[in-house]
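Here the structure comes first, spelled out in structure tokens, and everything after it is commentary.
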Amino acid sequence: MNEIPRPYNPKETEDKWYKFWEENNFFSAKPKPDKKPFCIVIPPPNVTGILHMGHALNNTIQDILIRYHRMKGEEALWMPGTDHAGIATQNVVEKFIAREGLKRQDLGRDKFIERVWKWKEEYGSTIIRQLKKIGSSCDWQRLRFTMDEEYSGAVKEVFVRLYEKGLIYQGNYIINWCPRCQTALSDEEAPHREIQGSLYYLRYPLKEAEGHVVVATTRPETMLGDTAVAVNPKDKRYKNLVGKTLILPLINRRIKIIADEMVDMKFGTGAVKVTPAHDPNDYALGKKHKLEFVNVMHPDARMNENALDYRDMDRFEAREVILEDLKEKGLLEKIEPHTLSAGHCYRCHTLVEPYLSKQWFVKMKPLAKPAIEAVKKGKIKFYPKRWTKVYLGWMENIQDWCISRQIWWGHRIPVYYCRECRDEIIVSRDKPEKCPRCGAPDIFQDEDVLDTWFSSWLWPFATFYWPKENQDLKYFYPTSTLVTAPEIIFFWVARMIMAGMEFMENIPFKDVYIHGTVRDVEGKKMSKSLGNIIDPLEIINEYGADALRFSLISITSQGQDVYLAKERFEQGRNFANKIWNASRFVLTNLDPKQAAVDLCVYFKKEDLDIINRWILSRFYSVLKEVNKNLDNYKFNEAVNLLYSFFWHEFCDWYLEIIKPDIKDQKNQVVMYKVLEKFLRVLHPFMPFLSEEIWQKMQATEPQSHRATSIMVNNWPHIQEQIIDKKLEKEAEGIFGIITQIRNLRISIAIKPDQLVKVSCFTHTKAKERLVKENSAIIKNLGKLEDLDFLAKSKRPDATISAISDDVDLYLHFTGLLDTALEQEKIKEKMLSLQKAIRAKSAQLANSNFLERAPKEIVDKEKESKKQLEDELKRLSKMADELR
RNA sequence: GGGCAUUUAGCUCAGUUGGUUAGAGCGCUACACUCACAUUGUAGAGGCCAGAGGUUCAAGUCCUCUAAUGCCCACCA
């Protein structure tokens, strides 16, 4: 095995094994009645997506779960796919054709859509390739796209069903309008961000009298569309003015002063301009008071013909000019700085305009009800729990969902109109040949497309070709776990639950695991514009995919955000390298004939020495914890356990101890078995490295025993009878002695390779036997020429001392003993012991403690106090003997 | 305005249902490269667990309040 290179080189293994797994179809899952299904649907990345750290974390977690359950013998399906991402993709392709000097309008709708498909064929699988790079074991033969023909069928089906149920309606409402994308957005797509603006105080002159009313606004350009001024009926300042008429400046429209409870007397002047076509509150006022609705903007946020002189100016330009004009007329009273929060397009970050337009909506309250129930009854559980409240809070205040978008790329709304009957709406899965009403053949389809999320909310069942009944859907639905980030709880998670309850009459998944957001070291979100991105592919290139996965997972405690610096990946790389080299050591020293025996059958527990029993016990203890942590989505704890077990127990102690006796058959068998089982447990976390080593180990097995791949092997069973906590403690007692000896050596600067002599005194018979039985180990790792056992507790001449539990240690040395220093060392130790003893004495003197604490705790405390006192006594004796 | 989260070693963070003298990684100090691994080993230093009250025999852990930071939600013209 000398040909195994020294540092682990992930580049030589990763692609090789990924190809091997794919070619062997290890990722594919099919309904198997005798097996338990385990299914995750991937949060479909945008087709335009490029893998970032958030994806890397999200998909590593899913892959760990899938590989774990697959090895546990479940039929594990990870359903992959991509999202057509309407606005995002349209934007990307528009930029793409702009290089040819083209606009989408130049091409026309059909040609443009063709270009998007072409773009998708060419570049749309980038993210898929990248997911493979990190090791994702998705069933790629099932790869879905939200615009697949069958999937589109499901979307239409859902629209029609909801319409027929009366849950979809069309109407004129104020919606969030992105002037750049020129489409309506849902409330979720227009997140509020704080902006530094101003509050402008405008004077509106009274018509019939002298004077004016002052209104405050943050968007003065909308005044052109004002059709009233409102005050609170309780407001004494304006009591006499209600019902009077004002002249709207610049436009000279006559507008009434109305009274409404909605007006906050304390804000601004207590008088508010009412612009029903440009503000949701004003819209409500407009409806209530039957006001005129005057739209003053084009869809691109330039002013329209209703803005008279300001026509065709951009909204912000118009604002400046209007303010100038008002100032000139003496109608601008003052300007105050004012911070406000306003919606921004989640795709292009443009300030969104509240805009009156005709859109399609879904009535959400009826859909929300069963979805709320499902979570309240615990059928769906959030991890961490706190997201339950966030979910319920949103669901209980749910607003209707604006689902129409004025873009080209997406699912065209399955609504048709007859040119003859004009406004008659025909909702149909397929285009009707003629108008069902008047029989005219001239039918045209609604121009709008559906919100992207109107297709993604069907993901857990539409990927199984719903509404077609089929075995896959029956077997894998409801899916097991959804793994996602908090940002899309409302967008996606909540809506999937509603869709599942509505169309499948069942929950879409049982668990929702919400992981944190990946941020940079300063806590900022990683983004291209901030230039603080750590590219996962660069990390893979530099450190390897396993290192990427390990490091990401090890710092992701449940649901907390991840603050990431590039250096973190060194830990993963170093760990991979450690495993690699330890395995190299095991394999180069392995005698396959000796190792290839069944541990349980061949050896009784009593046949093994304490060190072998210790490492086996530790392995199964760790396995037990890892299982528990994985079942509770505590990935970091699982992976950190594996790290410290392998590095600090298996390598630092076990391998070092057996090294001199490595050809002994018992050592051979145990080191081989522990490594092999460890690799299996490691596999979900570090799939490539574990496969690479495991395959090398397989090569040493007799042909008949060989298996094809670690990834389709079994998850190790816990051998409860091997776990022995008392034995673990005993073994660790020996390590403690060795550590103390090493400590003594260093304290007087003895060269690492110089042999020394140690005398010890053991305070119990059991300990004496233990130390005697393992004196070879102590001598070897402590670099001793001799370890002798004192008959009496007495410091030999020319020694320095230390205590390890109930063993007193004396290291012999030549030269002059620095008694003062030695005294000092002992004194310090004694002081800290005295402090601890005082605390214990106080506790044990407390009658409340003795009465109320459980007996085992009291006993433990007594025992511990006794031990401390013993140690103190021994130290004090050691100190005396120095004099 | 409402809600959630965070505050533990120089830095980044673990710490499961309260129970011995609070842990890890990185960084730091000293020593060590023929003998699996310097992407390493051995040993070590480093903590009033944000602050103030409270519950309890016992609090980093539970409760209340305060402060700082971050995030989410809301129709503050």
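Each chain gets a letter, A, B and so on, in the order its sequence line appears, and its residues count up from 1. Note that these values count all heavy atoms, side chains included, but never hydrogens, waters or copies made by symmetry.
In this structure, A/Lys751 and A/Arg568 both approach RNA chain B, and ranking their closest nucleotides by distance from the 5' end singles out A/Arg568. Mapping A/Val390 and A/Met262 onto RNA chain B by nearest heavy atom places A/Val390 closer to the 5' end of the strand.
Using a 3.5 Å distance cut-off with no hydrogens or angles, the side chains of A/Asn574 and A/Gln571 do not pair a donor with an acceptor.
Rounded to whole angstrom, the span from the CH2 atom of A/Trp580 across to the C1' atom of B/A38 amounts to 19 Å. For the pair A/Asp235 CG and B/A77 P, the interatomic distance rounds to 18 Å; values are reported in whole Å. Between the NE2 atom of A/His515 and the P atom of B/C71 there is a distance of 18 Å, given to the nearest Å. Atom-to-atom, CZ of A/Arg745 to P of B/G41 comes out at 19 Å; the value is rounded to the nearest Å.
B/C62 and B/A24 have their C1' atoms separated by 26 Å, given to the nearest Å. Rounded to the nearest Å, the gap between the C1' atom of B/U6 and that of B/A43 is 35 Å. Taking atom P on both B/U17 and B/C63, the two are 12 Å apart, rounded to the nearest angstrom. One P atom belongs to B/G51, the other to B/A59, and the distance between them is 15 Å to the nearest Å. Across the P atoms, B/G27 and B/G41 are found 12 Å apart, a figure rounded to whole Å. Distance noted for atom C1' between B/C13 and B/A5: 15 Å (whole Å). Taking atom C1' in both B/A52 and B/A67, the straight-line distance is 11 Å, to the nearest Å. One C1' atom belongs to B/A9, the other to B/U29, and the distance between them is 15 Å to the nearest Å.
Between A/Lys862 and B/U20 there is no side-chain N or O to OP1 or OP2 distance below 4.0 Å. Residue A/Ser341 places none of its side-chain N or O atoms closer than 4.0 Å to OP1 or OP2 of B/A74. In terms of phosphate contacts, A/Asn743 brings a side-chain nitrogen or oxygen within less than 4.0 Å of OP1 or OP2 of B/G44. Regarding contacts with the backbone of B/A24, every side-chain N or O of A/Trp647 stays at 4.0 angstrom or more from both OP1 and OP2. At B/U20, none of the side-chain N or O atoms of A/Lys840 fall inside 4.0 Å of OP1 or OP2 (strictly under the cut-off). Listed pair A/Arg742 / B/A43 meets the phosphate criterion, a side-chain N or O lying under 4.0 Å from OP1 or OP2. Taking side-chain N and O atoms only, A/Asn640 has no distance below 4.0 Å to OP1 or OP2 of B/G25. A sub-4.0 Å separation between OP1 or OP2 of B/A36 and a side-chain N or O of A/Lys578 is absent.
A donor-acceptor pair is defined here as one N or O able to donate and one able to accept, closer than 3.5 Å; no such pair exists between the side chain of A/Gln843 and the backbone of A/Phe849.
Side-chain atoms of A/Phe849 lie closest to B/G19 of the nucleotides B/G19, B/A14, B/G25. Residue A/Arg584 has its side chain nearest to B/A36 when only B/A36, B/A77, B/U42 are considered. When distances are taken from the side chain of A/Leu868 to each of B/G19, B/G3, B/U21, the shortest belongs to B/U21.
Salt bridge annotation for A/Arg315-A/Glu221: absent, with no cationic side-chain nitrogen under 4.0 angstrom from a carboxylate oxygen. One finds no salt bridge joining A/Asp753 and A/Lys751 here, because no Lys/Arg side-chain nitrogen approaches an Asp/Glu carboxylate oxygen to under 4.0 Å. Ion pairing between A/Lys288 and A/Asp260 holds under the 4.0 Å rule for side-chain N and carboxylate O. Between A/Lys840 and A/Glu863 there is no salt bridge, since no side-chain nitrogen of the basic residue lies less than 4.0 Å from a carboxylate oxygen of the acidic one.
The partner of B/C4 is B/G70, judged by Watson-Crick or G-U wobble contacts that both fall below 3.5 Å. Under the Watson-Crick or G-U wobble criterion, with both distances below 3.5 Å, B/U64 is paired with B/A52. The base-pairing partner of B/C11, taking Watson-Crick or G-U wobble contacts with both distances under 3.5 Å, is B/G25.
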